[in-house]
Amino acid sequence: MLRVAVPNKGSLSEAAIDILTEAGYRQRRSTKDLALTDPDNEVEFYYLRPKDIAVYVGLGTLDVGISGRDLVLDSKAEANVIVELGFGRSTFRFAGPPGSAKTVKDLDGKRIATSYAGVLTDYLEEHGVEAKVVRLDGAVESAVQLGVADVIADVVETGTTLRQAGLEVFGEPILKSEAVLIARNGAAATPKGLEQLVRRLQGVLVARNYVMMDYDIRAEAVEKANALTPGLESPTVSPLHREGWVAVRAMVPRADAQRIMDQLWEVGARAILTTDIHACRI
């Protein structure tokens, strides 16, 4: 069976379970469950600490896993990204007391607290900065106030927690992260079931990001309409019983659907409808 690691807690856990469920796989019903077997799909799921997943996959103990790009890089495990999953997005940045620094070059000789020592060390080396990295497992934003560090490097979402601690972000982002599916580097063979898992996850991502759009339009205006709705390959165009009119069906980006409907109306389309896509294979 394909052995898949899934985050057991934290911000990635629920979203990872959701996407696997949408992809047609069984998932645990209780957070106390450490493993689950899906015999219909020949997959075994193991629920592990997000920080440990890349290590298990890199060692070949498990075939693939879902983790954050930042956690994968920080672990320095022998694992590579095979699918970007589009959730759990975050930005890893520097923060410090107002006016303490403007760029990474200002951090020479300073103490920097972080939970991602591996990522931070590599970044400092790339920029030729010599600083002391103070590794903490949590509450990094308190490190400056408690005198443990001069600045911090941490995951920033809204910045509210940093502002409450009297800190502000500065410099360029160190890393932009999101949830990813990873596999072992240099695996001798593709594990059975992996290609199916990848196709299913990619199908879910397409279904989440696209809608199906249908509309009627005069035949002479089809080219203008098709320019607005080219679809993934090409739209489906079918003749209507009403002479001179055709029906068009195409997938369009969900985020652009309302704007495209307005533009179609302007070129003469009518009966414009959108419907959700629940599953697909592209």
Side-chain angles (χ1 to χ4, degrees), residues 2-28 31 33-34 36 43 45-58 62-95 114-120 122-123 136-141 152-162 169 172-185 194 197-210 253-255 279:
L2 183 71
R3 297 163 299 171
V4 181
V6 183
N8 66 346
K9 59 182 179 180
S11 60
L12 294 179
S13 179
E14 185 175 345
I17 288 174
D18 285 346
I19 195 171
L20 289 168
T21 301
E22 287 183 52
Y25 295 98
R26 289 180 56 193
Q27 287 298 293
R28 67 179 184 177
T31 56
D33 295 335
L34 303 180
L36 179 142
V43 180
F45 294 100
Y46 294 87
Y47 301 90
L48 306 169
R49 287 201 329 156
K51 282 193 172 185
D52 295 336
I53 287 176
V55 176
Y56 282 102
V57 173
L62 299 176
D63 298 312
V64 293
I66 294 176
S67 188
R69 186 191 302 277
D70 50 356
L71 298 173
V72 176
L73 293 175
D74 194 63
S75 72
K76 298 188 181 298
E78 291 295 319
N80 64 290
V81 175
I82 54 177
V83 180
E84 296 177 341
L85 298 175
F87 61 86
R89 289 191 173 96
S90 61
T91 305
F92 188 44
R93 304 199 64 168
F94 290 113
T114 187
S115 296
Y116 299 84
V119 172
L120 177 58
D122 289 345
Y123 187 82
L136 300 175
D137 285 333
V140 175
E141 63 276 359
I152 69 169
D154 200 14
V155 172
V156 178
E157 294 181 357
T158 64
T160 301
T161 303
L162 294 178
V169 297
E172 296 295 321
I174 301 168
L175 173 70
K176 291 186 177 180
S177 182
E178 67 177 299
V180 292
L181 181 72
I182 58 172
R184 185 184 182 190
N185 283 338
L194 177 56
L197 173 64
V198 169
R199 282 197 303 271
R200 288 190 181 190
L201 291 176
Q202 290 174 334
V204 171
L205 294 175
V206 172
R208 286 179 173 182
N209 292 314
Y210 284 81
R254 182 182 297 273

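The basis for the numbers below is simple: all heavy atoms, side chains too, and nothing from hydrogens, waters or symmetry mates.
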(request) Rounded to the nearest 0.5 Å, what's the gap from CG on L12 to CD1 on I17? Could you check? (result) 11.0 Å
(message) Test your reading of the model: is there a side-chain donor-acceptor pair from N209 to the backbone of P253, 3.5 Å cut-off?
(response) no
(message) For I152 and L162: C-alpha separation, side-chain torsions, deciding distance, then whether side-chain contact (heavy atoms from CB on, under 4.5 Å) applies.
(response) CA-CA 10 Å; I152 69 169; L162 294 178; 3.6 Å; yes
(request) Of all the heavy-atom pairs spanning V57 and A79, show the shortest one and how long it is. (result) CG1-CB, 4.3 Å
(request) Would you please name every residue forming a salt bridge (Lys or Arg N to Asp or Glu O under 4.0 Å) with R199, sequence neighbours left out? (result) none
(request) Would you name the heavy atoms of P50 and P7 that are closest together and state the gap between them? (result) CG-CB, 3.9 Å
(message) Measuring from atom CZ of R93 to atom CD1 of I174, what distance do you get when rounded to the nearest 0.5 angstrom?
(response) 8.5 Å
(request) Would you check if L73 and D122 make a side-chain contact, meaning some heavy-atom pair closer than 4.5 Å? (result) no
(message) S177: which residues meet the side chain to side chain donor-acceptor pair (under 3.5 Å) condition with it, sequence neighbours left out?
(response) D70
(message) Which residues pass the side chain to side chain donor-acceptor pair (under 3.5 Å) test with K176, not counting sequence neighbours?
(response) none
(request) For residues V169 and T91, determine if any side-chain heavy atom of one lies less than 4.5 Å from a side-chain heavy atom of the other. (result) no
(request) Please list, chain by chain and in numerical order, all residues satisfying ring pair (Phe, Tyr, Trp, His ring centres under 6.0 Å) with Y210, sequence neighbours excluded. (result) none
(request) Please report the shortest heavy-atom distance between V6 and I53, naming the atom on each side. (result) C-CD1, 3.7 Å
(request) Mind listing the closest non-hydrogen atom pair of K51 and V55 along with its distance? (result) O-CG2, 4.4 Å
(message) Nearest 0.5 Å, please: how far is CD in Q27 from CG in D33?
(response) 10.5 Å
(request) Drop me the distance from I66's CD1 to L20's CG, to the nearest 0.5 angstrom. (result) 4.0 Å
(message) Treating S13 as the side-chain partner and G10 as the backbone partner, does any N or O pair qualify as donor plus acceptor under 3.5 Å?
(response) no
(request) Any chance you could lay out the side-chain contact (heavy atoms from CB on, under 4.5 Å) test for I19 and L205, step after step, and finish with the verdict? (result) CA-CA 9 Å; I19 195 171; L205 294 175; 3.9 Å; yes
(request) Provide the closest heavy-atom pair for R69 versus V81 in the form atom of the first, atom of the second, distance. (result) NH1-CG2, 4.1 Å
(request) Under the side-chain contact (heavy atoms from CB on, under 4.5 Å) rule, what do D154 and E141 come out as? Steps first, then yes or no, please. (result) CA-CA 8 Å; D154 200 14; E141 63 276 359; 4.1 Å; yes
(message) For Y25, give me all partners under ring pair (Phe, Tyr, Trp, His ring centres under 6.0 Å), at least two apart in sequence or on another chain.
(response) F45
(message) Could you report the tightest heavy-atom contact between R28 and N8, atom names first, then the distance?
(response) NH2-O, 2.9 Å
(message) I need the full list of ring pair (Phe, Tyr, Trp, His ring centres under 6.0 Å) pairs touching residues 63-92, with sequence neighbours left out, sorted by first then second residue.
(response) F92-Y116
(message) Quick one: does any side-chain atom of T114 pair with a main-chain N or O of A153 as donor and acceptor, under 3.5 Å?
(response) yes
(message) Does atom OH (Y56) have a neighbourhood of more than 12 heavy atoms from anything else shown, all under 6.0 Å?
(response) no
(message) Using 0.5 Å steps for rounding, measure from the CG atom of L62 to the CZ atom of R184.
(response) 11.5 Å
(request) Have a look at R26 and tell me which of V43, L36, T21 forms a side-chain contact (heavy atoms from CB on, under 4.5 Å) with it. (result) L36
(message) To the closest 0.5 Å, what do you measure between CG (D63) and CD1 (I182)?
(response) 11.5 Å
